[in-house]
Amino acid sequence: MDNQEIQNQVFAIISEKLDKKVSEISEKLNKNVSEISLMNDLGADSLDSVELVMGLEEKFDISIEDEKVEELKTIGDIVSYISANITTKG
Amino acid sequence: MKRVVVTGLGIVSPLGNGIKRNWDSIKSHKSGLAKLGEGYDKIPSKVAGLVPVGSNEGEFNINDFMSSSEQRRNGLFISYAVSAATEAVKMANLDSIEDRERIGTCIASGIGGLPEICSTSNVFEKQKEEYGSKRISPFFIPSVLTNLAPGYVAIKFGCKGPNYGASSACASAANSIADSAMLIKEGHADIMIAGGAEAAICPLGVGGFAALRALSTSFNDRPEVASRPFDAGHDGFVIGEGAGVLVLESLDSALARNATIYGELLSYGMTCDASHITTPDGKQSERAMSFAIKMAGLNPEDIGYVNAHATSTPVGDKCEIGSIKSVFGDHVYSDKFALSSTKSYTGHLLGAAGGIESIYTILSLMNQHIPATLNVENPIEEISGINFVPKCQDHSFKYAISNSFGFGGTNTSLLFGAYSADKKS
């Protein structure tokens, strides 16, 4: 799974869990998608973040430790974390 | 003493969404009961008062007031509370009020998010060995807590006054309405969004009431006649769901902002049998009504209509008629008095019952027209000589009582009056 594919799936999960379209927000804020902040730009609160992480864990079959969750502040952080931790099964 | 009036009404019930749809159904003697679908095969009661869902006029459509992510994060009972509150807030024109600290919310649920507890538990039991708590949604607890109905309504409408629900089983909404009036009289708020919401129709909820032998089981093929208070064939209640919400307001506040006044909540009586968890005693429901009448400065003969708690259980229906006879004496046999149970239309909405029934009572006062008790083909002996309203009828009256009794022996009577500028004219 390449980064583009991971990113698309992350967008889909954000759209499902937070009711937000990342591409629209990126256009509106004139910001690169990888710099979009979960809290500041997508309005996610602490409960939203927990739900988002659950969605990511299920989708990518990974486990994200609570301490790590706090470091995932932007879409870019999420995509790089997943690409580094995903088991490459082709 | 401050007077408390009604300036808004909102409802979602088995008869549909909205005041108009509900009152039209009442007037046309239309039952809101239906057959339960899959999952209830081995449960002896297979009928329920389900809220009609859809996008047509008068149907409940959650998309009208909650985004899809909000929907996943709220129990169904919370959605019903928000729906009913939305209508009531609009009717009372509360959006135009600037000081939100004077608006409170007291909406109760008897049971809370039972279907959501069940579905979460089912998944959790299968996954807990592998995942522990990792797959439990962070929104699980807030979606099932009873007080998140008033909590969510307050967030939606920015109501910063008192916020809770008074949970007392099937009297919950009535107690929340009484509490709201007391909060207004005590000066904690000028306006209270008050009532109840319930959505406990799921196999465990229906099964649980079936285990108590509380539900109707003889009319599974004819759901529209299953709820039949005062009929000799009454064999248990039919579970229902929905929400009924009133906007209560101090008369001064309502007059100051030129609000339309739909009725007045004059008083209430609250008692407990202190005898048995499920079997009613009668003496104390009698005292709840008498207390309310006395507090309003009225006599029993002033009450023209009682919207009965009568759920269609043989023990409960008879017990309530006995209490009513004790309170009203010969007045029950006069043509100035009428008694009906709107549960014959909706089934029993448990913690929301007192909310929707207060609304039906106020609509009756406004329209001088009373709802029927449906399905009384063979009246029980106890009701003989009393007008139980076999067909909806015009009726001239100023004051009415709505009764709500609950497991635990709790009894609450609310006394409403048609609004008149002169006190107790």
Side-chain angles (χ1 to χ4, degrees), chain A residues 8-26 28-29 33 36-75 77-78 81-82 85-87 89, chain B residues 55 61-79 82-83 86 112-113 115-117 119-158 160 163:
Chain A
N8 289 343
Q9 300 215 10
V10 169
F11 284 7
I13 293 169
I14 289 174
S15 156
E16 185 202 326
K17 303 287 182 192
L18 304 180
D19 254 344
K20 297 268 167 66
K21 292 264 176 292
V22 177
S23 53
E24 281 173 19
I25 287 168
S26 133
K28 201 169 128 201
L29 300 173
V33 285
I36 299 267
S37 152
L38 296 176
M39 198 184 285
N40 300 328
D41 300 329
L42 294 175
D45 62 20
S46 59
L47 296 182
D48 294 326
S49 301
V50 177
E51 213 192 17
L52 192 60
V53 165
M54 284 172 62
L56 296 169
E57 288 181 327
E58 202 167 349
K59 182 85 211 171
F60 297 104
D61 196 16
I62 54 171
S63 176
I64 309 177
E65 296 306 320
D66 282 356
E67 305 84 73
K68 266 279 161 240
V69 171
E70 286 168 32
E71 292 168 22
L72 305 177
K73 296 189 190 308
T74 64
I75 305 254
D77 294 341
I78 293 177
Y81 181 86
I82 291 168
N85 289 278
I86 197 167
T87 42
K89 289 175 191 159
Chain B
S55 49
N61 185 2
I62 194 169
N63 298 321
D64 287 348
F65 46 84
M66 274 192 186
S67 68
S68 57
S69 73
E70 278 181 291
Q71 291 170 29
R72 280 188 297 103
R73 294 162 180 201
N74 276 295
L76 185 59
F77 77 104
I78 299 176
S79 311
V82 171
S83 169
T86 302
E116 294 79 12
I117 292 173
S119 56
T120 304
S121 174
N122 288 342
V123 174
F124 178 65
E125 287 300 325
K126 284 181 203 141
Q127 299 190 337
K128 67 181 177 188
E129 299 295 335
E130 192 173 352
Y131 296 104
S133 62
K134 265 188 155 290
R135 295 227 165 152
I136 301 173
S137 164
F139 296 99
F140 165 58
I141 296 293
S143 74
V144 305
L145 289 180
T146 58
N147 80 302
L148 259 286
Y152 212 79
V153 167
I155 293 167
K156 277 264 173 198
F157 299 104
K160 298 179 180 169
N163 191 286

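Values below: every heavy atom of this structure, side chains too, minus hydrogens, waters and symmetry copies. Chain naming here is simple, since letters A, B, ... match the order of the sequence lines and numbering starts at 1 in each.
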Participant: What pairs of donor and acceptor atoms, side-chain ones from residues 121-128 of chain B against any protein atom, are under 3.5 angstrom apart with sequence neighbours left out?
Facilitator:
| residue | atom | partner | partner atom | Å |
| --- | --- | --- | --- | --- |
| N122(B) | ND2 | C118(B) | O | 3.4 |
| E125(B) | OE1 | K128(B) | NZ | 2.9 |

Participant: Which atoms of I64(A) are under 4.5 Å from chain B, going by heavy atoms: the side chain, the backbone, both sets, or neither?
Facilitator: backbone
Participant: Chain B contacts: which residues in residues 8-17 of chain A have a non-hydrogen atom closer than 4.5 Å to it?
Facilitator: E16(A), K17(A)
Participant: With heavy-atom distances below 4.5 Å as the criterion, would you say the side chains of R135(B) and E58(A) are in contact?
Facilitator: yes
Participant: Contact part of R72(B) toward chain A, heavy-atom cut-off under 4.5 Å: side chain, backbone, both or neither?
Facilitator: side chain
Participant: Could you tell me whether the side chain of S69(B) reaches within less than 4.5 Å of the side chain of E51(A), counting heavy atoms only?
Facilitator: no
Participant: Under the rule for salt bridge (charged side-chain N to carboxylate O under 4.0 Å, His left out), what residues qualify as partners of K20(A), not counting sequence neighbours?
Facilitator: none
Participant: For a quick test of reading the model, state the closest non-hydrogen atom pair linking I136(B) to M54(A) and the distance between them.
Facilitator: O-SD, 3.4 Å
Participant: Tell me whether the count of non-hydrogen atoms from other residues, nucleotides or ligands lying under 6.0 Å of NZ in K156(B) goes above 12.
Facilitator: yes
Participant: What are the residues of residues 38-48 of chain A, in order of number, with any heavy atom under 4.5 angstrom from a heavy atom of chain B?
Facilitator: L47(A), D48(A)
